[in-house]
S.K.: 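Once you've had a glance at the structure underneath, I'll fire off some questions.
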Number of protein chains: 2
Amino acid sequence: MEMTLDEGKEKFIQSWGTLGSNWGINRTMAQIHALLLISPESLCAEDIRQELQISMGNANMNLRALIDWGLVYKKLKSGERKEFFVAEKDMWVVIRQIITHRKKKELEPMIKVLDEISSVQPNSEESEAFCKVIRDIQLFSSKADSTLDTLIKADSHWFVGTFMKMIK
Amino acid sequence: MEMTLDEGKEKFIQSWGTLGSNWGINRTMAQIHALLLISPESLCAEDIRQELQISMGNANMNLRALIDWGLVYKKLKSGERKEFFVAEKDMWVVIRQIITHRKKKELEPMIKVLDEISSVQPNSEESEAFCKVIRDIQLFSSKADSTLDTLIKADSHWFVGTFMKMIK
DNA sequence: TCAAACTTTCAATAAGTACTGAAAATAATG
DNA sequence: CATTATTTTCAGTACTTATTGAAAGTTTGA
């Protein structure tokens with residue numbers, strides 16, 4: 001079934017927004033990211049405001065967030081006063097940035113909490129069950145932590161090659 | 001620094017709830033999961049309602065969701081009329097269930113959308129840039145899809161062993 | 001140095017999501 | 001089969017998060 005560019009763009013922007021939203025990321029932020037990803041030219045805040053029908057404030061705040069995530073860069077055009085924005089197009093870098101950001105914001109704080117919690121003494125049936133669960137989650141978390149570190153450092157395009165063989 | 005069991009339980013339940021919430025999962029659902037994870041005995045809906053100070057309706061709905069995710073099981077106690085609930089305690093199974101669920105609900109629909117979108121013809125600068133991005137995301141998505149399938153099938157406890165060496 | 005162009009901030013409000021409580025449905029018991 | 005225990009549903013409401021719009025701040029260049 002054929003699809004026009006405009007239909008495709010619309011569908012992609014909406015789907016990327018929904019995906020983000022399902023993973024706890026602001027829908028508009030994800031939509032701006034989608035729009036910039038598929039734009040061959042850099043866009044200014046006003047372009048984005050118009051395309052997505054949102055306010056300038058909203059566009060601005062989410063652009064800052066995207067820059068903070070390392071997914072979008074500012075671009076200055078000579079002769080132009082306003083700022084332009086371009087998305088990082090290398091998918092491997094995109095994924096690495098997302099992993100880095102979420103690791104820092106969610107995995108690392110969780111590891112810290114588990115560490116604090118593991119000072120509970122296992123001296124009853126209840127506290128033993130508790131400590132066992134915490135230990136298991138710690139084990140998994142620290143493994144995830146080091147695996148993601150390796151993944152982040154592996155700047156190659158591992159994900160397009162054979163990755164299957166890696167798991168057992 | 002020492003921590004009592006009750007402090008530890010409270011902190012764990014709250015943190016697990018926050019973690020879930022950050023990843024687009026109902027906070028209460030995650031808290032019920034945490035409570036059941038660390039409970040050596042099965043709990044009934046009323047126990048959970050009391051412990052977390054929530055309504056029966058809320059407890060019931062989120063317990064159904066947890067059962068649907070394959071993270072909690074119903075348990076019938078002889079002599080007892082009401083239902084009891086136990087959490088899956090094997091962390092590997094827990095993670096596998098979560099991956100399975102989210103893969104089905106988010107990755108697979110996205111792959112379907114990308115497939116539809118890729119019928120757009122690359123016959124202009126704009127449509128070429130668009131198709132390139134879609135192809136890159138497809139490449140990554142299908143790799144993620146097959147990797148996760150392998151991961152799900154690998155019923156061993158790979159994650160406690162040496163996993164580092166797998167990435168490059 | 002002033003005015004225009006543009007960006008940022010944030011209080012008010014809108015939109016989205018989750019929770020309650022009460023009523024309906026279901027299941028077990030005598 | 002009627003009573004009671006328990007579970008489920010869902011409309012209304014509360015809570016959370018996202019967005020607007022207007023005002024303040026900043027930068028540029030005439």
Side-chain angles (χ1 to χ4, degrees), chain A residues 13-36 42-69 72-86 102 105-106, chain B residues 13-36 42-69 72-86 102 105-106:
Chain A
I13 292 167
Q14 294 312 321
S15 302
W16 203 245
T18 301
L19 186 69
S21 183
N22 286 340
W23 289 86
I25 288 156
N26 182 300
R27 170 179 266 105
T28 302
M29 174 174 156
Q31 288 180 339
I32 295 175
H33 185 223
L35 177 60
L36 286 171
S42 58
L43 301 177
C44 70
E46 175 59 18
D47 295 336
I48 291 163
R49 196 194 65 69
Q50 283 216 330
E51 193 82 31
L52 302 180
Q53 302 279 32
I54 57 177
S55 72
M56 206 35 138
N58 192 5
N60 180 72
M61 283 189 300
N62 283 300
L63 278 165
R64 297 307 128 193
L66 283 164
I67 290 169
D68 183 54
W69 278 59
V72 165
Y73 312 114
K74 264 191 222 183
K75 191 186 173 186
L76 298 168
K77 275 195 185 176
S78 52
E80 291 271 17
R81 194 151 158 177
K82 59 194 170 195
E83 293 176 321
F84 286 77
F85 302 92
V86 277
R102 302 217 73 162
K105 297 279 180 188
E106 277 121 42
Chain B
I13 290 167
Q14 293 313 320
S15 303
W16 203 244
T18 300
L19 186 69
S21 183
N22 286 340
W23 288 86
I25 289 156
N26 183 299
R27 169 178 266 105
T28 303
M29 174 173 156
Q31 288 180 339
I32 295 175
H33 185 222
L35 177 60
L36 285 171
S42 59
L43 301 178
C44 69
E46 175 59 18
D47 295 335
I48 291 164
R49 198 194 63 69
Q50 283 215 329
E51 194 80 32
L52 302 179
Q53 302 279 32
I54 58 177
S55 72
M56 205 36 136
N58 194 6
N60 179 71
M61 283 189 301
N62 283 299
L63 279 165
R64 297 306 130 194
L66 283 163
I67 290 169
D68 183 53
W69 279 58
V72 165
Y73 310 115
K74 264 191 223 186
K75 191 186 175 188
L76 299 170
K77 274 193 187 176
S78 53
E80 292 272 17
R81 193 150 154 179
K82 60 194 169 194
E83 292 176 321
F84 286 77
F85 302 91
V86 278
R102 301 218 73 164
K105 296 280 180 185
E106 278 121 40

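Labels below follow one simple rule: chain letters A, B, ... track the order of the sequence lines, proteins then strands, and each chain is numbered from 1. Hydrogens, waters and symmetry mates are skipped; everything else that's a heavy atom, side chains included, is used.
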S.K.: Heavy atoms only, 4.0 Å cut-off, all strands: where does A:Asn60 land among base, sugar-phosphate and nothing?
M.R.: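 It contacts base atoms.
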
S.K.: Between atom CH2 in A:Trp23 and atom P in C:dT17, what is the gap in whole Å?
M.R.: 17 Å

S.K.: Would you indicate which nucleotide in D:dG21, D:dT7, C:dT8 comes nearest to any side-chain atom of A:Arg64?
M.R.: C:dT8

S.K.: Starting at CD1 of A:Ile48 and ending at P of C:dT8, how long is that distance when rounded to a whole Å?
M.R.: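 In whole Å, C:dT8 P and A:Ile48 CD1 are 12 Å from each other.
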
S.K.: Which part of the nucleic acid does A:Glu83 contact within heavy-atom distance under 4.0 Å: base, sugar-phosphate only, or nothing?
M.R.: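 Sugar-phosphate contact only - A:Glu83 comes under 4.0 Å of backbone atoms but never of a base.
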
S.K.: State which of D:dT20, C:dT20, D:dT9 makes the closest approach to the side chain of B:Asn58.
M.R.: C:dT20

S.K.: Rounding to an integer number of Å, can you tell me how far B:Glu80 CD sits from D:dT7 P?
M.R.: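 Interatomic distance, CD of B:Glu80 to P of D:dT7: 10 Å.
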
S.K.: Just wondering, do B:Phe84 and B:Lys74 contact through their side chains at under 4.5 Å, heavy atoms?
M.R.: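 No, every pair of side-chain atoms sits at 4.5 Å or beyond.
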
S.K.: Taking the side chain as C-beta and beyond, is there a heavy-atom pair between B:Lys82 and B:Asp47 under 4.5 Å?
M.R.: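 The answer is no; the side chains never approach within 4.5 Å.
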
S.K.: Check every atom of C:dT9, D:dT27, D:dT6 against the side chain of B:Arg81 and return the nucleotide holding the closest atom.
M.R.: D:dT6

S.K.: Of the nucleotides C:dA18, C:dT8, D:dT8, which one has an atom closest to the side chain of B:Met56?
M.R.: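 Closest nucleotide to the B:Met56 side chain: D:dT8.
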
S.K.: Considering only side-chain heavy atoms of B:Asn26, which listed nucleotide, C:dA18, D:dT7, D:dT19, is closest?
M.R.: C:dA18

S.K.: Among D:dC10, D:dT7, D:dT20, which is the nearest nucleotide to the side chain of B:Met61?
M.R.: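 That would be D:dC10.
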
